[in-house]
Amino acid sequence: MSFRIIGTGMYVPSKVVTNDDLAQIVDTNDEWISKRVGVKERRFSENEFASEMGLKAAQNALSDAGVKPEEIDAIFAATVSGETSSPSMACMIQNGLGVSCMAMDVSAACSAFLFLLETAAAFFALHKEFKKILVVGTERMSGILDFADRSTCVIFGDGAGAAVLERGENYLDSVITVKGGDTVIKIPHGNGNSPYFSREQDTPYIHMQGQETFKYAVTAISQDISDLLERNHLTIDDIAWIVPHQANKRIIDFAAKRLGIEKEKFFCNIEKYGNTSSASVPIALDELAKSGKLKRGDKIILCAFGGGLANAACLIEW
Amino acid sequence: MEVQEKIIELLAEATDTEASEINADTAFADLGIDSLDLTEMAMQLEEEFGIELEMKPEINTVGKLTEVVEALRG
């Protein structure tokens, strides 16, 4: 296909919130969260909106790539927790970078970073003049969490991740599956104050059916990874790392077990940041890249799943 | 493999309990497992026996789960 990743960046707010801190707010405890979700701590924004975190991650990715903002031909961004519906997150980040180029959002919840890569691949194919595209996932999940619901508020965190893509041949393959429906995961908007509208709406927080989400996620990861390997005539030994959406450590562990893949093949940092939705894959990718554990030429798989329901995976040569 | 034997094997593995300590009357709650553990087990049973299994709160013991799985197998 049509690009290679030449730089990654992330940003998380400085406020660290531990499981013990959350146990002061809701009826929970560190042992349960650590064992059952895999999260030890997360970052929660005190004064930064999602666009401001996204801008910092974007600047870090551009710096990592050695690319100036004005060299970017398009910015694609994703969020479920942005401070505005309009301007789009991509436009807010573009404004922060002080550049003028194509900019738009793609909505696919926790899978969105994979959809951003797919969109970028399509745009590289469509616009032969495009040389570089910036992709950003950024979330202030704390703004859409119900801090009275212990089953969800302990899982998520705030942060942003970004990547700079350059026209190339390292995006080798992808699988995308979407099955529309709002019964498993949904984040409703408020109803507004129209005097004419009388329908009830759920509260504007994340609503998630835990068991169904778990089952869907494990099945999605297993199927997507199997499909990518089979289609490309690869075995798991050909893959250096799998970078999954950091939703819940148990989802990753059980998917690994079903696939017969050692857990260590999956790069995980959920213990530090929780589930940061669209930012989780680029944050993990940046940490992996900066750790020195990833070498040029390595084949890696990124995979994600979430509201939509939408899941995706891609095969990349680093 | 018999259904109950498989359920006991999965529970023993998930909870680090001796299989001999689990029987038809064992309640899942007594083994200290949560809803995601049950979902994991349900998915493994689906694969093993080629069924589609929905875990409901009333399926709360080894015996009740065995009955449900055997009925689904037909």
Side-chain angles (χ1 to χ4, degrees), chain A residues 19 26-39 149-152 154-155 179 181 183-185 207-226 244 246-261 263 270 274-275 305 309 311, chain B residues 1-19 21-22 26-74:
Chain A
N19 293 340
V26 285
D27 182 16
T28 189
N29 61 72
D30 175 54
E31 187 192 354
W32 188 87
I33 303 171
S34 300
K35 197 172 164 197
R36 297 301 179 179
V37 187
V39 181
D149 176 8
R150 65 177 179 173
S151 70
T152 53
V154 302
I155 298 173
K179 188 181 174 190
T183 54
V184 179
I185 305 168
H207 296 259
M208 201 163 67
Q209 302 297 323
Q211 290 185 59
E212 286 81 359
T213 301
F214 182 88
K215 195 169 178 178
Y216 155 67
V218 169
T219 307
I221 295 183
S222 310
Q223 192 63 54
D224 288 348
I225 292 175
S226 297
Q246 312 284 313
N248 180 324
K249 187 72 168 63
R250 291 170 72 189
I251 289 174
I252 297 167
D253 288 349
F254 191 49
K257 185 177 171 185
R258 286 188 98 201
L259 284 161
I261 299 174
K263 285 184 204 173
I270 188 173
N275 176 343
F305 45 87
L309 298 168
N311 52 281
Chain B
M1 185 182 277
E2 288 301 313
V3 172
Q4 184 161 306
E5 201 180 323
K6 182 67 187 176
I7 292 169
I8 290 173
E9 179 196 305
L10 292 172
L11 284 171
E13 188 191 333
T15 59
D16 225 2
T17 308
E18 288 295 325
E21 292 174 27
I22 305 172
T26 305
F28 300 136
D30 293 340
L31 293 169
I33 62 177
D34 67 11
S35 62
L36 293 194
D37 290 316
L38 289 175
T39 307
E40 279 188 27
M41 183 168 66
M43 291 176 75
Q44 288 170 297
L45 292 172
E46 287 180 340
E47 209 163 84
E48 177 81 19
F49 297 113
I51 55 171
E52 277 197 35
L53 175 61
E54 187 188 348
M55 288 301 288
K56 294 175 181 163
E58 56 268 30
I59 308 173
N60 55 7
T61 65
V62 170
K64 285 179 185 168
L65 179 58
T66 303
E67 279 175 29
V68 170
V69 173
E70 283 178 342
L72 287 168
R73 288 180 81 193

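Throughout, a chain's letter reflects where its sequence line sits, starting with A, and its residues are numbered from 1. In what follows, every heavy atom counts, from backbone to side chain, and hydrogens, waters and symmetry copies are set aside.
In this structure, B:Glu47 CD and A:Ser222 OG are separated by 8.5 Å, a value rounded to the nearest 0.5 Å. Taken to the nearest 0.5 Å, the OG1 atom of B:Thr39 stands 3.5 Å off from the CD atom of A:Gln211.
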Exercise for the section: Start with the C-alpha gap between A:Asn248 and B:Leu36, add the side-chain angles, then the distance that decides, and say whether side chain to side chain contact (heavy atoms under 4.5 Å, CB included) holds. Expected result: CA-CA 11 Å; A:Asn248 180 324; B:Leu36 293 194; 3.9 Å; yes
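Other residues, nucleotides and ligands contribute more than 12 heavy atoms inside 6.0 Å of the CD atom of B:Glu58. The neighbour count for A:Arg150 CZ, taken as heavy atoms of other residues, nucleotides or ligands under 6.0 Å away, does not exceed 12.
Heavy-atom distances place no part of B:Glu54 under 4.5 Å from chain A, backbone and side chain included.
Ion pairing between B:Glu40 and A:Lys257 fails under the 4.0 Å rule for side-chain N and carboxylate O. No salt bridge links B:Asp34 with A:Lys35; every basic N to acidic carboxylate O contact stays at or beyond 4.0 Å.
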